[in-house]
Enquirer: 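Just passing along the structure, written as structure tokens.
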Number of protein chains: 2
Amino acid sequence: MPANGNGVSAPSIPDIVIGRLPIYLRALTYMSSEGKLTTSSNELGEHLGISSAQIRKDLSHFGEFGKQGTGYSIPYLVDQLKSILNLDVEWRVAVVGAGFLGHALAHYNGFLSRGFRISWIFDSDTSKVGHEMNGVIVQAMNELEETIKREGTQIALIAVPASMAQEVTDRLVAAGVQSILNYAPINLRVPPNVQVAHSDPVVQLQHMTYYLAQDQRVDTRE
Amino acid sequence: MPANGNGVSAPSIPDIVIGRLPIYLRALTYMSSEGKLTTSSNELGEHLGISSAQIRKDLSHFGEFGKQGTGYSIPYLVDQLKSILNLDVEWRVAVVGAGFLGHALAHYNGFLSRGFRISWIFDSDTSKVGHEMNGVIVQAMNELEETIKREGTQIALIAVPASMAQEVTDRLVAAGVQSILNYAPINLRVPPNVQVAHSDPVVQLQHMTYYLAQDQRVDTRE
DNA sequence: TAGATTGTTAATCGATTAACAATC
DNA sequence: TAGATTGTTAATCGATTAACAATC
């Protein structure tokens, strides 16, 4: 679901293709860190468990990035993918909720190296407000709207309890946030111009338990 | 990708359908907590932004759970979905890595109410070993194999740095783990009989930035 | 040059949707 | 009974794959 709501019809690229580009970028960055300078659609596909045809088809939506006979220059393709994904500048991100999860997000090193900086943290608990988390001062919830509007914040991570998540969402959206990564296990209602992604580990685990044989489980009877 | 590797051909149900069942279950549980007793494919679809036809088709793979004219009993459908997903007993889960993320996972309340219990935590940092995290004692990494084998652990969460994730995976798989939820931002290699799910917030954010207008971003030049 | 690999086309495959008879 | 909604079929839509001419 593109959910970009910009109303642009035209040769729109399938959202499922967009969703694979960050995976390609991650794999190429990894290859680069291993010292590799070139790769082929076949090699990249084997690394990811994806067919080489799919990789070539996906990339062909955006241009011609390879060379017959030799494949792709990794640094060049990394640059191109970053540009396509609007990662040529750093995105500043707000975190709402300074509990265990907010804490983990604030300290996660993986954001900065891949285009994102946790720049604001909000929490309703006054005992947390004013304290620093990895260089960011926790702000009170009543400062949320003013800060988001003033700074033009477009991206927020929701790390509050499920019971608060919709209310927080409504406030973020009203203040101008365009993209939300939601860690609360509920379905958020947002206007069509706002993007929401979900992170719910239980959904992922429940998907996997379908394939796990019952007879191998720990028997909790007595 | 089913990746269940059990080699069973037959009237296998599409993996994409399996992946939606936990979403349905979550929404139905939410409706139930709101006091609702019945729903229709139309109402559930509106709640989730999915067509009613898709919901009926998905459920039809497993049986007939509704009544013409009145729809679905929520408690009954919840029970059925839990049974299909093998959630009628509690799954015990191991966490590898007791950093900020491992800490957040150990303290997350959402697991227990939805079928999973964090029962073991491992870390290589000897200063963490022996300390309690939400009722679980952190064990040393060299106890991993023995514990996993003895307890028959089938599910593990990987919350270690990317540089350690493949090695940890290999050890988990060798010890008998069948399903892995990986929080490290690298592609794990596993045998075909082992399931891997990824949780990488940066991948989700990069997907969304594709749709964010460049001219609205904060300009970091100057 | 010979070998390798791209970008693209057409064919295949699979998933979603629309429609409706059945029936509560 | 009349209205509502299911489960299912067939049609549509979209995504993946196989194949290959072009060319590095």
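Not measured: the values here are computed from a predicted model. Reminder, nothing fancy here: chain letters follow the sequence lines and each chain counts from 1.
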Enquirer: Calculate the interatomic distance between I16(A) atom CD1 and dG14(C) atom C1'; express it in whole Å.
Expert: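 Distance, rounded to whole Å: 12 Å.
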Enquirer: Looking at S51(B), I'd like to know whether one of its side-chain N or O atoms comes within less than 4.0 Å of OP1 or OP2 on dT16(C).
Expert: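 It does not, given that no N or O in the side chain of S51(B) lies less than 4.0 Å from OP1 or OP2 of dT16(C).
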Enquirer: Expressed as a whole number of angstroms, how long is the span from F65(A):CZ to dG7(C):P?
Expert: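 Taking atom P of dG7(C) as the reference, CZ of F65(A) is at 8 Å.
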Enquirer: For residues H207(B) and D15(A), is any side-chain donor paired with an opposing acceptor at under 3.5 Å?
Expert: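 Distance-only check passes for H207(B) and D15(A).
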Enquirer: Just the rounded figure in Å: distance from C1' of dT17(D) to CG of L59(A).
Expert: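 To the nearest whole Å, that distance equals 16 Å.
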Enquirer: If you compare every side-chain N and O of R56(B) against the phosphate oxygens of dA18(C) (OP1, OP2), does one of them come in below 4.0 Å?
Expert: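 For dA18(C), neither OP1 nor OP2 has a side-chain N or O of R56(B) closer than 4.0 Å.
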Enquirer: Counting Watson-Crick and G-U wobble pairs only, both distances under 3.5 Å, name the nucleotide matched with dC24(C), or none.
Expert: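 Paired with dG3(D).
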Enquirer: In whole angstrom, what separates L77(B)'s CG from dT5(D)'s P?
Expert: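 So the two atoms are 16 Å apart, to the nearest Å.
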Enquirer: Nearest whole Å is fine: how far is dT5(C) P from E64(A) CD?
Expert: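 It works out to 18 Å between those atoms.
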Enquirer: When the distance from CZ of F62(B) to P of dT6(D) is rounded to whole Å, what number comes out?
Expert: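 From F62(B) CZ to dT6(D) P: 17 Å.
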Enquirer: Mind checking who dT8(C) pairs with, Watson-Crick or G-U wobble, both distances under 3.5 Å?
Expert: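 Base-paired to dA19(D).
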Enquirer: Give a yes-or-no answer on whether the side chains of Y24(A) and D58(A) include a donor-acceptor pair shorter than 3.5 Å.
Expert: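 Yes.
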Enquirer: Under 4.0 Å between a side-chain N or O of Q54(A) and OP1 or OP2 of dT16(D)?
Expert: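 So the side chain of Q54(A) is within the cut-off, an N or O lying under 4.0 Å from OP1 or OP2 of dT16(D).
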Enquirer: Nearest to the side chain of S60(A) - dG7(C), dA15(C), dT6(D)?
Expert: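 Of dG7(C), dA15(C), dT6(D), dG7(C) is nearest to the side chain of S60(A).
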Enquirer: If the cut-off is 4.0 Å, is Y72(A) near the phosphate of dG7(C), judged by side-chain N/O to OP1 or OP2?
Expert: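 Yes, within the criterion.
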Enquirer: For V17(A) and for Q68(A), find the nucleotide of DNA chain D with the closest heavy atom, then tell me which residue's nucleotide is more 5'.
Expert: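 Between the two, 5'-proximity favours V17(A).
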Enquirer: If you check the K67(A) side chain, which of dT17(C), dC24(D), dA15(D) turns out closest?
Expert: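 So the nucleotide nearest the side chain must be dC24(D).
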Enquirer: Under 3.5 Å, is there a donor-acceptor pair linking the side chains of R56(A) and S52(A)?
Expert: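 On atom types as modelled, these side chains qualify, holding a pair under 3.5 Å.
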Enquirer: Determine the contact category for S41(B): base if any of its heavy atoms lies under 4.0 Å from a base atom, sugar-phosphate if only primed atoms, P, OP1 or OP2 are that close, otherwise nothing.
Expert: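 Contact class for S41(B): sugar-phosphate only.
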Enquirer: Between the main-chain N or O of L28(B) and the side-chain N or O of S32(B), is there a donor-acceptor pair closer than 3.5 Å?
Expert: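 Pair absent, no side-chain N/O of S32(B) close to backbone of L28(B).
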Enquirer: Do Q166(A) and D170(A) have a side chain donor and acceptor closer than 3.5 Å?
Expert: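 Yes - a donor-acceptor pair under 3.5 Å links their side chains.
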Enquirer: To the nearest Å, give me how far apart NE2 (H61(A)) and C1' (dG14(D)) are.
Expert: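 In whole Å, dG14(D) C1' lies 11 Å from H61(A) NE2.
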Enquirer: From NZ of K57(B) over to P of dC13(D), roughly how many Å is that when rounded to an integer?
Expert: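 Whole-Å distance recorded here is 17 Å.
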